[in-house]
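Keep in mind that the numbers below use all heavy atoms, side chains included, and drop hydrogens, waters and symmetry copies. Heads up: numbering here begins at 1 and tracks the sequence.
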Amino acid sequence: MFIWEGVSEFVAVAEAESFTAAAKKLGISTAQVSRQVSALEARLSTKLFYRTTRKVSVTEAGQIYYQHCRQVLDELEEAERSMTNLQLVPKGRLRLTAPVTFGEKVIAPLVNDFVLRYPGLEVQMNLTNQQLDLVAGGYDLAVRMGKLEDSSMMAKRLSSRTLYVCASPDYLSTYGVPHSLSELEQHNCLQGNLDYWRFQELGKPRNIRITGNIRCNSGWSLLDAALKGIGIVQLPDYYVQSSLDSGQLIPLLTYCQEADDGIWAIYPHNRHLSPKVRMLLDYLRESLQPNSKHLAKETGTQFNGS
């Protein structure tokens, strides 16, 4: 096994031709430099320097040893620069997963922009609404929505989403505007995967059971039905925001609108967070921040949800 002790001190003395100057460069005492070099000479059974009261010069054997040591130290310095550059310029594989709709509309375009910035990345993105096992699947991170369940994962809050209840002006002019939660039973409420809608009343969550003549697991299909005046819908902002802004849909029951959900990036608790993953998380968080009303300030906390 190679012993490094004394090598840096030897090279510094050889280049400075002075034990004092070498000690100053290394930030240690002259006595320590002298001890390390003497120990190195004893270990090699070779005299590396000629010493006089006024001058230090390298022996022939010392010159040969210096050339080899200098090359090794140069390569070590290059290795450190490579690691630094790796942290500054992300490279290699990134494997992530996100929900289908939010992934297609928001996450994937941002990841594509990130790859444009760092073309040395190789991204594998799986858009699915299934709760995948990140460790078994070899995923670096996942984007998850809403309330998180018990898990050993770590989480960083990227942004938030708002659930809107809304309908088209045509529907409201025909069937009227509901002003209370109890009035929803008189309306055609377009259903997704659940048969209830989520609200907040007097500071507490409240679920209201709803019925309607259309039930579909596609938010885009429900949005289309709402825009065509078929019924009232409850959907996240990334489905309906542009229609609300244009007046094609009208927000309803805003006084009891549920508190915003979190949009989270999660990653295994026991996995080292590589620079490329950390930089992607920071990029997503920064990009989503303008759209967030309640973006958390913490950089990462253990949470409940896998």
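- Without hydrogens or angle criteria, K276 side chain to R93 main chain gives a donor-acceptor distance under 3.5 Å.
- Nearest heavy-atom pair across S180 and L253 is N-CD2, 3.6 Å.
- Looking only at distances, a side-chain donor or acceptor of Q234 sits under 3.5 Å from a matching main-chain atom of R198.
- Checking side-chain atoms of N129 against main-chain N and O of V100 turns up a donor-acceptor pair under 3.5 Å.
- The CG atom of L244 lies 8.0 Å from the OG atom of S242; values are rounded to the nearest 0.5 Å.
- At a threshold of 4.0 Å, the pair K25-E15 counts as salt-bridged, since one of the basic side-chain nitrogens sits closer than that to a carboxylate oxygen.
- Although no hydrogens or angles enter the test, the distance criterion places no donor-acceptor pair under 3.5 Å between the side chain of S160 and the main chain of D260.
- A donor-acceptor pair under 3.5 Å links the side-chain atoms of N112 to the main chain of A108, judged by distance alone.
- Within a 6.0 Å radius of CD in Q186, other residues, nucleotides and ligands contribute more than 12 heavy atoms.
- L288 has its side chain within reach of L110: a pair of non-hydrogen atoms, C-beta onward, lies under 4.5 Å apart.
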*Pair L172-L252, side chain to side chain contact (heavy atoms under 4.5 Å, CB included): steps then yes or no*: CA-CA 10 Å; L172 297 175; L252 306 170; 3.9 Å; yes
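- Rounding to the nearest 0.5 angstrom, the gap separating the CD1 atom in I230 from the CD1 atom in I214 is 4.0 Å.
- Y196 is not connected to M145 by any chain of hydrophobic side-chain contacts under 4.5 Å among Ile, Leu, Val, Met, Phe, Trp and Tyr, and they are in different clusters.
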*Criterion side chain to side chain contact (heavy atoms under 4.5 Å, CB included) on F114 and V123, from CA distance to verdict*: CA-CA 10 Å; F114 191 69; V123 173; over 6 Å; no
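- In this structure, the side chain of D140 engages the main chain of R95 through a donor-acceptor pair within 3.5 Å.
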*Please report the C-alpha distance between V165 and Q257 in whole Å, then the side-chain angles of each, then the deciding distance to 0.1 Å, and finally whether the side chain to side chain contact (heavy atoms under 4.5 Å, CB included) criterion is met.*
CA-CA 8 Å; V165 173; Q257 186 170 284; over 6 Å; no
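- Note that the CZ atom of R206 and the CD atom of E258 stand 13.5 Å from one another [nearest 0.5 Å].
- At least one side-chain heavy atom of L127 sits under 4.5 Å from a side-chain heavy atom of M125.
- With contacts defined as side-chain heavy-atom distances shorter than 4.5 Å, the pair L235/W220 does not qualify.
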*Run the side chain to side chain contact (heavy atoms under 4.5 Å, CB included) check on D195 and R215 step by step: do they pass?*
CA-CA 9 Å; D195 59 359; R215 183 164 190 161; 4.2 Å; yes
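- Between Y171 and H187, the ring-plane angle classifies as tilted under the 30° and 60° cut-offs.
- Heavy atoms from other residues, nucleotides or ligands lying under 6.0 Å from CZ of R70 number more than 12.
- Using the six-membered ring where Trp is involved, F10 and Y66 have ring planes that are perpendicular, over 60° apart on the 30 and 60° scheme.
- When atom types are taken as modelled, the side chain of T97 and the backbone of N126 share a donor-acceptor pair closer than 3.5 angstrom.
- Between D237 and R161 there is no salt bridge, since none of the side-chain N atoms of the basic residue sits less than 4.0 Å from a carboxylate O of the acidic one.
- Here CG of L190 is found 8.0 Å from CD1 of I232. Values are rounded to the nearest 0.5 Å.
- Environment of NZ in K228: sparse, with no more than 12 heavy atoms of neighbouring residues, nucleotides or ligands closer than 6.0 Å.
- For the atom pair NZ (K105) and CD1 (I107), the distance works out to 12.5 Å, reported to the nearest 0.5 Å.
- Distance CZ/R209 to CD/Q191: 9.5 Å, rounded to 0.5 Å.
- One hydrophobic cluster holds both L121 and V143 under the rule that ILVMFWY side chains link at heavy-atom gaps under 4.5 Å.
- Using a 4.5 Å heavy-atom cutoff, the side chains of Y118 and L280 are not in contact.
- Looking at heavy atoms from C-beta onward, H179 lies in side-chain contact with V177 at the 4.5 angstrom threshold.
- Inspection of the T101 and Y239 side chains reveals an N or O donor paired with an N or O acceptor under 3.5 Å.
- The pair R117-D113 does not meet the salt-bridge criterion, since no charged nitrogen lies less than 4.0 angstrom from a carboxylate oxygen.
- Under the 3.5 Å distance criterion, the side-chain polar atoms of N188 are matched with a main-chain donor or acceptor of N213.
- Clustering ILVMFWY residues whenever any of their side-chain heavy atoms sit less than 4.5 angstrom apart, transitively, puts L48 in a cluster other than the one holding Y50.
- Proximity of a side-chain donor or acceptor of T174 to a complementary backbone N or O of D170 within less than 3.5 Å is detected.
- You'll find the side chain of L40 stays beyond 4.5 Å of the side chain of E9, heavy atoms only.
- Under a cut-off of 6.0 angstrom, the local environment of CZ in F49 is crowded, with over 12 non-hydrogen atoms contributed by other residues, nucleotides or ligands.
- Within the 4.5 Å cutoff, the side chain of L281 has heavy atoms near those of the Y267 side chain.
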